Amino acid sequence: MLILAEMQKNYLESLDKQFRYYKMLGERTMAQLTDEQLLWRPSPEGNSIGTIVHHLSGNMLSRFTHFLSTDGEKPWRQRDLEFEPVSCDRHKIFEVWEAGWAKVFEAMQTVEGEDLEQVIYIRNQGHTIVEAFNRQSTHYAYHIGQMVLIGKTLKKEDWSSLSIPKGQSAEYNSNKFRSQKSTEHYTKEWMEKN
């Protein structure tokens, strides 16, 4: 029982770090772009970073508002409108971004390890809390990856890498293997970089 409790605690801590890592990737991407670039769409059918942010926030607010007691797809959510082109400034985009993430982290604070097997619903389909968190984690990573790709496309050679810069893998690996083995979460070093 003690081992299970420790595993549950580790899962929640790891998930929190993972969500914060994705949030950081999105923020460091947006910080490199102008207001106009945040609204740039790769095609008429494509989404701008501003649109992706509105979709992510809409999803987060819907999934994590009263998520232990109500369906994750709220009747007030207007998902199709989240994909409409947006025309707002960076301040508004970051405000929408922060509102969504605040709801994610607020909800995570309500979960204890023993709750992880509780069933909740998304569009009337049952998920354990672990399954629901995993579903959201991959969904957010998918869209934040799109944001990073848009950022890299627009910035070209002026892009500041968010991971190991191109052509520096050998040096990075060499430095890692010269260090002592450790068990810290892999996101730690990236979160500490400016």
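Since this is a predicted model, take the numbers as computed values, not measurements.
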**Study point:** Partners meeting side chain to side chain donor-acceptor pair (under 3.5 Å) with R135 (sequence neighbours left out)
**Key:**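 R135: side chain to side chain donor-acceptor pair (under 3.5 Å) contacts with H127.
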
Within this structure, what is the [atom1]-[atom2] distance for the pair [X] and [Y], rounded to the nearest 0.5 Å?
X	Y	atom1	atom2	result
D16	Y11	CG	OH	11.5 Å
L56	K23	CG	NZ	12.5 Å
T34	R90	OG1	CZ	7.0 Å
L162	M24	CG	CE	7.0 Å
H91	I93	NE2	CD1	11.0 Å
I120	H66	CD1	NE2	13.5 Å

Sequence-distant partners of [X], side-chain contact (heavy atoms from CB on, under 4.5 Å), two or more places apart:
X	value
E112	E114, D115
L154	L33, Q37, W40, I150
K92	C88, D89, E95, V96
Q146	I52, Y142, H143

Going by ring pair (Phe, Tyr, Trp, His ring centres under 6.0 Å), name the residues that satisfy it together with [X], two or more places apart in sequence or in a different chain.
X	answer
F83	H55
Y140	F19, W101
Y172	W190

Review point. Is any side-chain N of the basic residue among R79 and E73 closer than 4.0 Å to the acidic one's carboxylate O?
Key: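 E73 and R79: not salt-bridged.
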
Check your understanding: Where do I122 and Q136 land on the side-chain contact (heavy atoms from CB on, under 4.5 Å) test, with the steps shown first?
Key -> CA-CA 11 Å; I122 301 173; Q136 296 316 118; 4.1 Å; yes

Practice item. Kindly check if the number of other-residue, nucleotide or ligand heavy atoms within 6.0 Å of CD (Q78) is above 12? Key: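 At most 12 heavy atoms, drawn from other residues, nucleotides or ligands, come within 6.0 Å of this atom.
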
So, do [X] and [Y] sit near enough that their side-chain heavy atoms are less than 4.5 Å apart?
X	Y	result
H185	Y21	no
I49	M30	yes
N59	R77	yes
L116	L12	yes
V111	F133	yes

Practice item. Check the pair E27 / F94 against side-chain contact (heavy atoms from CB on, under 4.5 Å), numbers first and verdict last. Key: CA-CA 8 Å; E27 289 167 357; F94 273 92; 4.1 Å; yes

Under 3.5 Å donor-acceptor pairs involving side-chain atoms of residues 102-110, not counting sequence neighbours:
from, atom 1, to, atom 2, distance (Å)
K103, NZ, E106, OE2, 3.3
T110, OG1, A107, O, 2.5

Which pair of heavy atoms, one from [X] and one from [Y], lies closest together, and at what distance?
X	Y	value
P42	N47	CD-O, 3.6 Å
R41	P85	NH1-CG, 3.5 Å
G100	S57	N-OG, 3.4 Å
G72	S62	O-OG, 2.6 Å

Review point. Name the one of R178, K176, E171 that satisfies side-chain hydrogen bond (donor to acceptor under 3.5 Å, both in side chains) with S174?
Key: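 Testing S174 for a side-chain hydrogen bond (donor to acceptor under 3.5 Å, both in side chains) against R178, K176, E171 leaves exactly one candidate, R178.
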
Review point. By the rule that ILVMFWY residues connect when side-chain heavy atoms come within less than 4.5 angstrom, directly or transitively, which residues belong alongside L61?
Key: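 L61 clusters with W76.
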
Point to revise | Remaining members of hydrophobic cluster (4.5 Å side-chain criterion), Y121 | key: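 Under the 4.5 Å side-chain rule, Y121 groups with V119.
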
**Study point:** side-chain contact (heavy atoms from CB on, under 4.5 Å) between L15 and S137, intermediate numbers included
**Key:** CA-CA 8 Å; L15 182 67; S137 177; 4.3 Å; yes

Review point. Do L38 and L149 share a hydrophobic cluster, counting only Ile, Leu, Val, Met, Phe, Trp and Tyr and linking them when any side-chain heavy atoms are less than 4.5 Å apart?
Key: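 Looking at the clustering, L149 is in a separate group from L38.
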
Practice item. May I have the step-by-step check of side-chain contact (heavy atoms from CB on, under 4.5 Å) for L68 and Q118, ending in yes or no? Key: CA-CA 8 Å; L68 295 176; Q118 177 182 333; 4.1 Å; yes

Check your understanding: Please, which pairs that meet side chain to side chain donor-acceptor pair (under 3.5 Å) have at least one residue in residues 150-164, sequence neighbours excluded?
Key ->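 Sorted result for residues 150-164: empty, none.
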
Point to revise | salt bridge (charged side-chain N to carboxylate O under 4.0 Å, His left out) assessment of E13 paired with K17 | key: CA-CA 6 Å; E13 288 174 359; K17 290 173 183 168; 5.2 Å; no

